[in-house]
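What follows is one structure encoded as structure tokens, with my remarks underneath.
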Amino acid sequence: MDEKQQVVAALAAALPDLDQATLAEKIERPKDNKNGDYAFPTFFLAKTLHKAPQLIAQELVAKVDPSGFEKVEVAGPYINFFLDKAKVGGNVLMEILADPANYGSSDLGHGGNVTIDMSSPNIAKPMGMGHLRSTVIGNAIANLMTKTGYHPVKVNHLGDWGTQFGKLMAAYKMWGNEEEVKADPINTLQRYYVKINTEADEHPEYADMGREWFKKLEDGDEEAYRLWVWFRKESLKRFMKIYKLLDVDFDSYNGEAFYNDKMDEIIQLLKDKHLLQESRGAGIVDLSKYDLNPAMVLKSDGSTLYMTRDLTTALFRKRMYGFAKSLYVVGAEQEYYFGQLKAVLTEMGFEWAKQIHYIKFGLMSLNGKKMSTRKGNVVQLEDVLNDSIKMARQQIAEKNPTLANADEVAEQVGVGAVIFHDLKNDRRNRVDFRLEDVVKFEGETGPYVQYAHARAESILRKAGKPSFDGVELALHDEKAWPIVKRLSQYGETVERAAANYDPSLIGKYALALAKDFNQYYAHTRILVDDDQKLERLALVQAVSYVLKSALAILGVKAPDEM
RNA sequence: GGGACGAUAGCUCAACCGGAUAGAGCAUUGGUCUUCUAAACCAAAGGUUGUGGGUUCGAUUCCCACUCGUCUCACCA
């Protein structure tokens, strides 16, 4: 950052007619290191100066003071600036080593609360791979918020209410067996649920039974309530196992049921503001001024919908947390719906509606088809995690059989692979689930990054964990320059990832840094006793810190040995 | 039919604000472990960036049209 200012200053002296902001805007970072560290293209000056860009570049470079730079040279229409590698490199390393935990952090958020609606699995259904996306994306965004000075509030908006419970209860009453459910709650309940759905075509009365049971639940029927509590408890127990594996926790588990008795207010508010209209017996809010279809907030039988609960939830969260932002990490198929939700809130006069951001992610499919719990074609997240851990354990047995805490590391690597796989690409991309891709440990994967980190730690152990306190560092190894450059870009990468709610930028950064390091490692011996040994070790230590930090943002562990 | 999003190497994906020869990984072919962990490294090969126009000194990137794909368009969530 300061380095860019240095370039701006040098150019400003040669081009007094242009203001610094314009110059800063035009300066770019060449993709190829041979074109220097910063470059200034002169095309845009051709028109005003009536000269060829190449000529402008040549004339300009003569006026630029190259002191402070390694060199400044012309390459066609570009002026390329090469930084003083020894000095800049040393500064970057010293900055990281002085305060590793805060490297890359900023205070853009000034402590403002950011509620993040994430994970939100449905009770009485197994957590599928689809829920992984919302969980790990939400978790990574929460970490990005922390890193940029916000205070994230992770909310697991459990799907613990709705007509599907009525159906489930009806199914349980017909075919259920208490012992069977106790033995394996989720899968058994899931089986009942699939059964009643598949047989509903032949037995239309099942749908009515489901509605009746849900009505009972809403009216506080004792048996319905007892079943609901039981199903919910068993489901949560199972979910907690998965969250523990993923190492994700939540600040609130207030789900749909929590808002069940709080919806009157929003209905009343809509009435007071004359926004509630009747149409075909149902209650709707007209949104034609937003170019959207009307939002239904009351069914014709007077019962509520998802929309009703979400409006209530939004208002509750604003009051409870006074959020600076409210994020919803939800599948892309709900985009239209969230447009309506925001529009209704705006229509109600809540100016904070614009603080709501919908963080959509691409649908996960199986063999090209949408996964459907009702049809039973889902891949269970727990199975995938366990498979991955098992495979990681095998790899360790082959490659590092004497590793002391092998089981613990296998879990970190196996789970890390799954999480990283889900986060490395743009969250909006659709993904077709393929186990062999998810549990891959080579190439652009989580384990690749973890491995680079473990190698770095291994070297530091062998070097006797050197201390860098108060050491004045310069970096003389030219081969280390790509690494240092990458390290120096961590903060801006974090900021960009946070601003775009895009964890994949951190994933790509971690891969690039791991690759830089692995290349260096393959070509340079670090543990040789010469006068540059300490600065090489400082480099290794800095890489280790930053890799670990980047992985931590993604929610991936960085074992010291693997 | 309306809307949203997308189309880049055989496959999965990159490409910051419009910039230098469009880059990685996987798969394929070949090379590198008596030296810090080979979950790694090096190399080869792989492209009319869906099609056709336009804007620009310059377009994968911006605009228009078209083709194809996914999602979505009130009593599910």
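Letters A, B, ... are given to chains in the order of the sequence lines, protein chains preceding strands, and every chain is numbered from 1. Keep in mind it's a predicted model, so treat the numbers as computed, not measured.
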Round to the nearest Å and state the distance from A:Lys465 atom NZ to B:C36 atom P.
-> 19 Å
For RNA chain B, which ranges pair as stems of 3 or more consecutive Watson-Crick or G-U pairs, with both donor-acceptor distances under 3.5 Å?
-> B:1-7 with B:67-73, B:10-13 with B:23-26, B:28-32 with B:40-44, B:50-54 with B:62-66
Is A:Thr445 side chain donor-acceptor paired with the B:A39 base, going by distance under 3.5 Å alone?
-> no
Test: A:Lys479 and A:Asp477 ion pair at under 4.0 Å | no
Identify which nucleotide among B:A77, B:C41, B:A20 has an atom closest to any side-chain atom of A:Ala75, counting heavy atoms from C-beta outward.
-> B:A20
From the options B:U37, B:A40, B:C36, select the nucleotide whose nearest atom is closest to the side chain of A:Ile526.
-> B:C36
Are the charged groups of A:Arg211 and A:Asp208 less than 4.0 angstrom apart, N to O?
-> yes
Between the side chain of A:Arg536 and the main-chain N/O of A:Ile526, is any donor-acceptor distance below 3.5 Å?
-> yes
Taking atom P of B:U70 as reference, at what distance in whole Å does atom CG of A:Leu366 sit?
-> 16 Å
Do the non-hydrogen side-chain atoms of A:Ser300 and A:Arg280 ever get within less than 4.5 Å of each other?
-> no
Have a look at A:Lys533 and say if it touches a base, only the backbone sugar-phosphate, or nothing, with a 4.0 Å heavy-atom cut-off.
-> nothing
For A:Tyr336, report the nucleic acid contact type (base, sugar-phosphate, nothing); a contact means any heavy atom under 4.0 Å.
-> sugar-phosphate
Can you find an N or O donor on one side and an acceptor on the other, under 3.5 Å apart, linking the side chain of A:Lys369 with the base of B:U70?
-> no
Hey, does the side-chain of A:Ser458 have a donor or acceptor N/O within less than 3.5 Å of a partner on the base of B:C36?
-> no
In plain terms, say whether A:Lys557 and A:Glu411 are close enough for a salt bridge, that is, a side-chain N and a carboxylate O under 4.0 Å apart.
-> no
Per the under-4.0 Å heavy-atom filter, residues of residues 286-293 of chain A near RNA chain B come out as A:Asn293
Do the side chain of A:Lys342 and the main chain of A:Ile356 share a donor and acceptor less than 3.5 angstrom apart?
-> yes
ring-ring contact (aromatic ring centres under 6.0 Å, His included) partner of A:His157, chosen from A:Tyr259, A:Tyr328, A:Tyr306 = A:Tyr259
Inter-residue atom distance A:Ile267.CD1 - A:Leu311.CG, 0.5 Å rounding | 8.0 Å
Could you check whether A:Tyr448 gets within reach of a base, just the sugar-phosphate, or nothing at all, counting any heavy atom under 4.0 Å?
-> sugar-phosphate
Select base, sugar-phosphate, or nothing to describe what A:Met307 touches, counting heavy atoms under 4.0 Å on all strands.
-> nothing
In plain terms, say whether A:Glu59 and A:Lys51 are close enough for a salt bridge, that is, a side-chain N and a carboxylate O under 4.0 Å apart.
-> yes
Anything under 3.5 Å between a protein N or O and an N or O of nucleotides 12-16 of chain B, put it in a table, one pair a line.
| from | atom 1 | to | atom 2 | distance (Å) |
| --- | --- | --- | --- | --- |
| B:C13 | OP1 | A:Arg430 | O | 3.3 |
| B:C13 | O3' | A:Asn429 | ND2 | 3.2 |
| B:C13 | O2' | A:Asn425 | OD1 | 2.8 |
| B:A14 | OP1 | A:Asp426 | N | 3.3 |
| B:A14 | OP1 | A:Asn429 | ND2 | 2.9 |

Closest non-hydrogen contact found for A:Tyr358 with A:Gln334 is OH-C, 3.5 Å
Heavy atoms under 4.0 Å, any strand shown: does A:Glu25 hit a base, just sugar-phosphate, or nothing?
-> base
Provide, to the nearest angstrom, the distance between the CG atom belonging to A:Leu527 and the C1' atom belonging to B:C36.
-> 5 Å
Tell me what A:Ala282 touches on the nucleic acid: a base, only sugar-phosphate, or nothing, going by heavy atoms under 4.0 Å.
-> base
Touch class at under 4.0 angstrom, heavy-atom based, for A:Ala454 against every strand present = base
Can a salt bridge be assigned to the pair A:Asp560 and A:Arg461 using a cut-off of 4.0 Å between side-chain N and carboxylate O?
-> no
Give A:Tyr521 one of three labels, base, sugar-phosphate or nothing, depending on what nucleic acid heavy atoms sit under 4.0 Å from its own.
-> base
Candidate nucleotides B:C36, B:A77, B:C26, ranked by approach to the side chain of A:Arg525 - the nearest = B:C36
Test ring-ring contact (aromatic ring centres under 6.0 Å, His included) applied to A:Trp161 and A:Trp228, A:Phe231, A:Phe258, the passing residue = A:Trp228
